[in-house]
Amino acid sequence: MRPQEGLFHAPGAFSAIAVLRLSRNEALPQLRETVRALYTELSAAGGLHTVLGLQPSLLPGAPAASALLPREGPTARFPSTQSHVLVQVSANGRELLLWALRRVLALSQAVLYLEEEVLGGRIGEGRDAFGFRDGLLRPTREQVRRAALVPSGPLAGASWLLYLRFLQDLERFGRLKPQARERVVGRTPDGELVPDAPAEAHLHRARASGAGENQLLIRRGFPFRHTGEEGLAFVSASADPQYYERSLDALLGVGGQTPDALLRYARAVSGGLYLAPPTNWFDASSSQRETPP
Ligand code: HEM
């Protein structure tokens, strides 16, 4: 079973998320043909990386996943705005990215409508909106295979996608002294480990679940700015949704754990769990292809 190639690529200079909802329940039978056409066209465009996920219950053979979202800890909450289809597109040029987003809309007309769209991209050499280097440990193809792909069974080659859109409070974080900021993240802005970072530092909380060093999940998020607000469109791929439960609980401080200090400065405003089927799920030629620029 061939996984979606986009899973192996970090977002390029430009990246976007489109979340789409079925326009009406009667559109369900057309959904498969629509996402098939979408995936076939976008994945054929050179230089564009595409990952397409569906609400898990839409895929035959998907286990009835226990509700991952919403999820709550003593000090923060990750909401659910679960929808039907999530498309992440990434490119090194903005023209190609915009073409892809236009095609998503054109091909999904009458079956899906656009519920949420986030456009963003790399800041500098790869920093988050707080100015900290992010995505430091680049996963190899083998690490992606191990951490992000369902290894066997009816879903072999599929990948569980977690999407969480965070708004970051730049003003509040900016009021902290530089040393205090580093202790919130657990790294310096340039990515050096902070040796005496407290247990609540983001790095320690992320590692507490075993998700550090590309072990349980592969991060594919990107920073964005929209109508005066900045944040992170957090996207990740994993072989097992239970790893997300562990990771999110470790950040939220569920079950007596220490909540993540970063969540005092970043608030999740939307999110959902999707399943990216292997490419054979999309097989069948599409009639209305367009050539990219
Ligand atoms: C606004 C939200 C977030 C921001 C600004 C953020 C930022 C960062 C930064 C700056 C790093 C250090 C650089 C690096 O190791 O690549 C990092 C590491 C990491 N984050 Fe986040 N993060 C956010 C949310 C999340 C969430 C929701 C998860 C998990 C579900 C997560 C999991 C991780 C992991 C696994 C690491 C790497 C730990 C390691 O391998 O050492 N992060 N994050």
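Predicted model only: the values in this text are computed from it and were never measured. All ligand and atom numbering here is 1-based and tracks the order in the structure.
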Give the atom numbers and elements of ligand 1 that come within less than 4.0 Å of a heavy atom of [X].
X      : value
Ala266 : 1 (C)
Leu248 : 30 (C)
Leu137 : 40 (O)
Gly135 : 14 (C), 16 (O)

Please write down residue, atom name and distance for the protein heavy atom closest to [atom].
atom                    : answer
atom 15 (O) of ligand 1 : Arg187 NE, 3.4 Å
atom 27 (C) of ligand 1 : Leu251 CD1, 3.5 Å
atom 5 (C) of ligand 1  : Asp128 OD2, 3.3 Å
atom 40 (O) of ligand 1 : Glu213 N, 2.6 Å

Do you see a donor-acceptor pair shorter than 3.5 Å between the side chains of [X] and [Y]?
X      : Y      : result
Thr188 : Glu182 : no
Glu142 : Thr140 : no
Gln143 : Arg138 : no
His204 : Glu200 : no

* To do: Could you tell me whether Leu136 and ligand 1 have an N or O pair separated by under 3.5 Å?
  => yes
* Is there at least one pair of N or O atoms, one from Gln168 and one from ligand 1, spaced under 3.5 Å apart? -> no
* **Under 2.8 Å from atom 21 (Fe) of ligand 1, the protein N, O or S atoms, given as residue and atom** => His202 NE2
* Report the part of Leu232 (side chain from C-beta onward, or backbone N, CA, C, O) that has a heavy atom under 4.0 Å from ligand 1; answer both or neither where that applies. => side chain
* Asked: Between Arg133 and ligand 1, which residue portion shows a heavy-atom distance shorter than 4.0 Å: side chain, backbone, both, or neither?
  -> backbone
* Check: Val85 and Leu31 side chains under 4.5 Å, non-hydrogen atoms -> yes
* Would a 4.5 Å heavy-atom cut-off, applied to side chains only, mark Leu232 and Phe222 as touching? -> no
* Decide whether a cation-pi geometry holds between Arg71 and Phe78; the criteria are a distance under 6.0 Å from NZ or CZ to the six-membered ring centre and an angle within 45° of the ring axis. => no
* Is the NZ or CZ atom of Arg36 both under 6.0 Å from the centre of the six-membered ring of Phe282 and within 45° of that ring's axis? -> no
* Within the side chain of Arg267, is there an N or O that forms a donor-acceptor pair under 3.5 Å with the backbone of Phe166? -> no
* Asked: Is the side chain of Asp134 donor-acceptor paired with the backbone N or O of Asp128 at a distance under 3.5 Å, no angle test?
  -> no
* To do: Could you check whether the rings of Tyr265 and Phe173 sit parallel, tilted or perpendicular, using 30° and 60° as the cut-offs?
  => perpendicular
